[in-house]
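Comments concern the structure below.
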Amino acid sequence: MTTYYAFYPADFFIVGFAGDGRRIFRVGFYRSRGELRREMESLFGKVELNEGAFSDFIRDLTRYFSGKPVSFNYPIWLRGTDFQIRVWKKVRTIPYGQTRSYGWVAKEVGCPGGARAVANAMRKNPIALIIPCHRVIRGDGKVAGSGFGKRVREYLLKLERAIP
């Protein structure tokens, strides 16, 4: 199976993504194209830059970053534990412009009191934006995370107008 990758330059980061031409199995945020390529090669071995394999996704990213709601309804390939996959599927149902708490997600996947476990699953989310982990926030309404990740999350939530 050939793995293709491409990227979309956003404000202060690059959205990088990979797939096989039918499914997307990686979306992440990067500081440079070099960092993106190194990660894709470390995850998938030989990769080919191919924007054409992602033309619909790139079109939707353009809409999204111009402030228009997008559902990112694409075939994906998830690899993780049963718990992680349940969490990621639930998070994928959070509507554009809305947020939910880690505790809410934990309760919804049958693990009340498991907010920390949900946070751990979110840190391992392989398909950002399509699985909108930026929409999962702390119970006190604050955005969790640190450094580059927190900055990206806040940016995306402001873009979606989920936070002032």
* Asked: Who are the salt bridge (charged side-chain N to carboxylate O under 4.0 Å, His left out) partners of Arg138, not counting sequence neighbours?
  -> Asp140

Enumerate donor-acceptor pairs with a distance under 3.5 Å from any side-chain N or O in residues 43-60 to protein atoms, sequence neighbours excluded.
| residue | atom | partner | partner atom | Å |
| --- | --- | --- | --- | --- |
| Asn50 | OD1 | Gly52 | N | 3.0 |
| Asn50 | OD1 | Ala53 | N | 3.0 |
| Asp56 | OD1 | Arg59 | NH1 | 3.0 |
| Asp60 | OD2 | Tyr74 | OH | 2.5 |

* Assess whether side chain to side chain contact (heavy atoms under 4.5 Å, CB included) is satisfied between Val118 and Asn120, documenting all intermediate values. => CA-CA 5 Å; Val118 167; Asn120 287 332; over 6 Å; no

* To do: Report yes if the side chains of Pro126 and Trp88 come closer than 4.5 Å at any heavy-atom pair, otherwise no.
  => yes

* Are Tyr64 and Phe72 close enough that their ring centers fall under 6.0 Å? -> yes

* To do: Taking side chain to side chain contact (heavy atoms under 4.5 Å, CB included) as the test, write out the residues that go with Asp11, two or more places apart.
  => Tyr155

* Evaluate the side-chain proximity of Arg31 to Phe12: yes if any heavy-atom separation is below 4.5 Å, no if none is. => no

* Asked: Does Pro132 reach the side chain of Val91, with side-chain heavy atoms less than 4.5 Å apart?
  -> yes

* **Listed partners of Arg86 passing side chain to side chain donor-acceptor pair (under 3.5 Å), at least two apart** => none

* Asked: salt bridge (charged side-chain N to carboxylate O under 4.0 Å, His left out) with Lys90: which residues, sequence neighbours excluded?
  -> Glu108

* Identify, with sequence neighbours excluded, every residue that meets side chain to side chain contact (heavy atoms under 4.5 Å, CB included) alongside Pro95. => Gln98, Arg100

* **Any residue meeting salt bridge (charged side-chain N to carboxylate O under 4.0 Å, His left out) with Arg26, in chain and number order, not counting sequence neighbours** => Glu39

* Structure fact -> Ala119 meets the side chain to side chain contact (heavy atoms under 4.5 Å, CB included) criterion, sequence neighbours left out, with Tyr102, Arg123

* Heavy-atom side-chain proximity of Tyr96 to Val70 below 4.5 angstrom -> no

* Does a donor on one side chain sit under 3.5 Å from an acceptor on the other, for His134 and Glu160? -> yes

* **With Ser66 via side chain to side chain contact (heavy atoms under 4.5 Å, CB included) - residues at least two apart** => Lys68

* To do: Search all heavy atoms of Ala106 against all heavy atoms of Ala115 and return the closest pair with its distance.
  => CB-N, 3.8 Å

* **Residue list, salt bridge (charged side-chain N to carboxylate O under 4.0 Å, His left out) with Arg22, at least two apart or on another chain** => Asp20

